Amino acid sequence: MTEVNSAADSGSYNPHKAEAEMQARWENEGTFQVTENSDKPKFYCLSMFPYPSGQLHMGHVRNYTLGDVIGRYQRLQGKNVLQPMGWDAFGLPAENAAIKNNVPPMKWTRENIAYMKRQLKSLGFAYDWSRELATCDPEYYRWEQWFFTRMFKRGLVYKKAALVNWDPVDQTVLANEQVIDGRGWRSNALVERRELAQWFVKITDYAEELLNCLDGLDGWPEKIKTMQRNWIGRSEGVELTFPIDADQGLEQQGLTVYTTRPDTLMGVTYVAVAAQHPIALKAAESDEKLKAFLEECNRVKVAEADMAKMEKLGMPTGYYVTHPLSGEKVQVWVANFVLIDYGSGAVMAVPGHDQRDWEFARKYDIPVKQVIAPAPGSNEICDLSKEAYVSKAGVCVNSGEFDGLDFPQAFGAVASALRAKGLGETQVNYRLRDWGVSRQRYWGCPIPIINCSQCGAVPVPEADLPVVLPTDVEFEGVGSPIKKMPQWYETTCPECGGAAERETDTFDTFMESSWYFARFASSGFAGGMVDERTRYWGTVDHYVGGEEHAILHLLYARFFHKVMRDEGLVEGDEPFKNLLSLGMVLKDGAKMSKSAGDAGDPQHLINTYGADAVRMAMMFAAPPEQSFEWSEHGVESAGRWLRTRLWNIVENHLAGGEVPALDKAALTEGQKDLRRLVHETIAKANDDYGRRLNFNTVVSSVMTLMNEVSRYDDESPQGRAVVNEALRAAVLIMEPITPHITEVLWEQLTGGSVYDASWPEVDEEALKKSAVEIVAQVNGKLRGRFEAPFDSDQDTLVAMAKEDENVQRFLEGMTVRKIICVPNKLINIVVSK
RNA sequence: GCCCGGGUGGUGAAAUUGGUAGACACGCGAGACUUAAAAUCUCGUCACCUUUUGGUGGUGCCGGUUCGACCCCGGCCCCGGGCACCA
């Protein structure tokens, strides 16, 4: 050991030295830069890229360590592994910072990226940094703009009015999180709902496919698929029209509603429209009270949760519609729980058989009419004085020709009756709504549309892309600077050449994160959105990210992928083969967020204990899918374990000199026992890394192995050979979790590089046991344990159990009724008097 | 409110297919080493009863299925995530 300056020399463990040296080596040698020219099978391992909020928090450390562990494990399995990293760089916090500190968003974002990149590097992640991208880079978003114009040409884009949170003081649109208790976060003004023309993308055209493809996603957690299914919300129902008498002076000739319960149609006692519905607005013209009520309805934030939590209120409009089958007059109410953005902005109400309608009807003394009764012989109870009867198991009553029909029969009969009158049709409906992509913000990708008074909305021609967001901007208070920059938005129409204006809204930032995985593969390609390299890397083999993205991001990304497929850009129906959905790292019981500031910055821990200790502590803390409250306690002990239980033991072993070759035939029982544990640990690691993705138990099983090694004091040649095998296995198994220390130790143990190492094979022979411990139960209660030869049969085990004194005590005076035998594990003698 | 998860010692957790509840750690206690401390090592550590190598109870609460339930079923409580403009 003469080269004292190398981390690969023995001596006391210095994590900072080892980590700095290894990281410098990876960078200099381009260890993690991958190409498409490889004989190895490809493996695309992707962790959700971060928003550059300023500094990493523990949620990032967890996410990126888990992804890195998967990637490094696959690399040790002989795969050509791509692990890219980039920045989801557009978004609200940069604007907030700009307003607060007068820093241009681009500058703020770039500085944050630089700092966070250093932090990621200091954690030793095996990223191919040559593929780094930032979504605020025009070379990135130009292809997003290009793709949007492709979607426009495919008819997937349209404009319609939609509600936003309007701050009347700051004269700006607020995000939901900027509305606190109904007031603007800066101005404290009461927020109003306001309608604005917005761009929408027709994700609903793909609703059926987005739903059906979930069945084929075997590598996704069932809970995520369930959430997506419920979100898409396919339902079968009837769309029907309540005609409107012309003598009421309304423009509309009918009110269209959708219902999944056409069997209850004869029980409709009112219909309800949203506060922004034209009928409501018309009625309010001559009714001051109603007008006030509508204004009241507009003082709720545009968020479903707030809608659902508020008290259900309504007012009659004075108008009525005609029941499509009975011809009776039905009153039209305005209700604050009806969504104008969803469906037709109107619902039919059946208070007898819908709980919300029932409560509303009781509150306003609207009649409740029973039209469904429990089926004969059913033990269901229907008491409309207490609650609505919502079961689908009943039969129609008080419904004329439909009386006696059950749900499916009544569904068909009512649909037919409506169809015969031209007033209704069965329809498959989705809860999923089209994706509103317009944002009235500055720090986002400009929407590549030119508004021309002659030609309407015209997509920017491909040759004129990208539409670059100006970055030399001044934030004067709130509001998007580009909306006040005529030099930017004044342009000419690409079609007629006349004066026209650019769209000054920008895209929802989910647009950028919906295709970045494809761009990583085609890194740097200037000739298009993606190239053939994206076909090589293909589907992301493992996608790792927080469970908070279970619905929106993952649904939008799946949608984008399908449209890209239909454009011939990518292959396959789904972008992510396997998904690891991480639980939250909580801070004070809630998720760490941008707004929570620097809570949980890992830097001081890395500085104190080293990256390997931080990574190991994070992996050991909990299985990936579980949320947990972060505590720094484990980091110190992880560092201690690495030093005392890994480094020192390897050093002591190496100090013993040459290690002879292992002779499996010449092992003592003690040597065989340790060797069995070694191979059990390898088998466990394979299962935990490859199948279960539980890395906390990888760590604990290696700890168990090393505890055993430290107790083992067989200095004989074969004893040292078995220990050597144990140490090589432990070091390699730990490599994905603690890559720096293990790379150093592996070189000391073998003289070779850990990147040329092959994963240890499980020796099935070594796993074999001659004897196993059997648990003896009487009536399911533990009464004794004993050693029995491996694979003993039931009779042998019963006989051995009966030799146990304690077992005998519980058998005395009893008659054996039954024997339950779980081979090599348990024998249960069931007795009674 | 709706959808999806979760709840196990003082703490993080383990128990993979219904079969020994608490592995592995943290913390704490005791001991060794030390002039002393730190570091390190060893032992103990779910509760109660007990001379025991024994018994009883115990996985948020209540009930059920089973020879046997942290695990399956029904009802409830609490916590977390999402709810379409935080990302």
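Every chain is numbered from 1 and lettered A, B, ... according to where its sequence line falls, protein lines coming before strand lines. Source: prediction; values computed, not measured.
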Pick out the pairs of N or O atoms, protein on one side and nucleotides 3-10 of chain B on the other, that lie under 3.5 Å.
| from | atom 1 | to | atom 2 | distance (Å) |
| --- | --- | --- | --- | --- |
| B:C3 | O3' | A:Asn230 | ND2 | 2.8 |
| B:C3 | O2' | A:Asn230 | ND2 | 2.9 |

Between B:C24, B:A84, B:G55, which one does the side chain of A:Asn707 approach most closely? B:C24

Out of B:A15, B:C24, B:A87, whichever nucleotide has its closest atom nearest the side chain of A:Ser700: B:C24

Residues, nucleotides or ligands: over 12 heavy atoms within 6.0 Å of A:Glu805 CD: no

Taking the ring centre of each residue, are A:Phe360 and A:Phe337 less than 6.0 Å apart? yes

Search all heavy atoms of A:Arg193 against all heavy atoms of A:Lys301 and return the closest pair with its distance. NH2-O, 3.2 Å

For A:Asn696, all residues meeting side-chain contact (heavy atoms from CB on, under 4.5 Å), sequence neighbours excluded: A:Pro623, A:Asn694

Within a strict 4.5 Å, meaning less than it, do heavy atoms of the A:Arg234 and A:Arg431 side chains meet? no

Below 6.0 angstrom between ring centroids: does that apply to A:Tyr556 and A:Trp435? yes

Which pairs pass side-chain hydrogen bond (donor to acceptor under 3.5 Å, both in side chains) with one or both residues in residues 305-314 of chain A, sequence neighbours excluded? A:Glu311-A:Lys363

Measure from the side-chain heavy atoms of A:Ala305 and tell me the nearest of B:A25, B:A87, B:G1. B:G1

Applying salt bridge (Lys or Arg N to Asp or Glu O under 4.0 Å) as the test, list every pair that has at least one member in residues 700-709 of chain A; sequence neighbours left out. A:Glu708-A:Arg711

Measure from CE on A:Met307 to P on B:C83 and round the result to the nearest Å. 16 Å

As a test of reading the structure: which of B:G12, B:A84, B:U16 is closest to the side chain of A:Arg431, going by heavy atoms? B:A84

Nucleotide pairing, RNA chain B (Watson-Crick or G-U, distances under 3.5 Å), in dot-bracket with [ ] and |: (((((((..(((......[....)))((((((.......))))))((((....))))..(((((..]....))))))))))))....

At under 4.0 Å between heavy atoms, what does A:Val702 touch on the DNA or RNA strands: base, sugar-phosphate, or nothing? nothing

Aromatic plane relationship, A:Phe49 with A:Tyr516 - under 30° parallel, 30 to 60° tilted, over 60° perpendicular: parallel

A:Ala175 side chain: which of B:C67, B:U20, B:C86 is closest? B:C86

Anything under 3.5 Å between a protein N or O and an N or O of nucleotides 26-34 of chain B, put it in a table, one pair a line.
| from | atom 1 | to | atom 2 | distance (Å) |
| --- | --- | --- | --- | --- |
| B:C26 | OP1 | A:Arg640 | NH2 | 3.2 |

Syn or anti: how is B:G54 classified when any glycosidic angle within 90° of 0 counts as syn? anti

Stepwise salt bridge (charged side-chain N to carboxylate O under 4.0 Å, His left out) test for A:Lys483 and A:Asp505: CA-CA 8 Å; A:Lys483 292 188 185 294; A:Asp505 281 358; 2.6 Å; yes

Residue A:Leu782, side-chain atoms from C-beta onward, closest of B:A21, B:C24, B:A87: B:A21

Just wondering, are more than 12 heavy atoms of other shown residues or ligands nearer than 6.0 Å to NZ in A:Lys769? no

Whole-Å distance between B:A87 P and A:His549 NE2? 10 Å

The side chain of A:Glu304 is closest to which nucleotide in this list: B:C24, B:A84, B:C67? B:A84

Give the nucleotide from the list B:C24, B:G81, B:C67 with an atom nearest to the side chain of A:Lys818. B:C67

By nearest atom, which of the nucleotides B:C24, B:A14, B:C67 is closest to the A:Thr704 side chain? B:C24

Nucleotide of B:U16, B:C83, B:G12 approaching A:Leu552 most closely (side-chain heavy atoms): B:C83

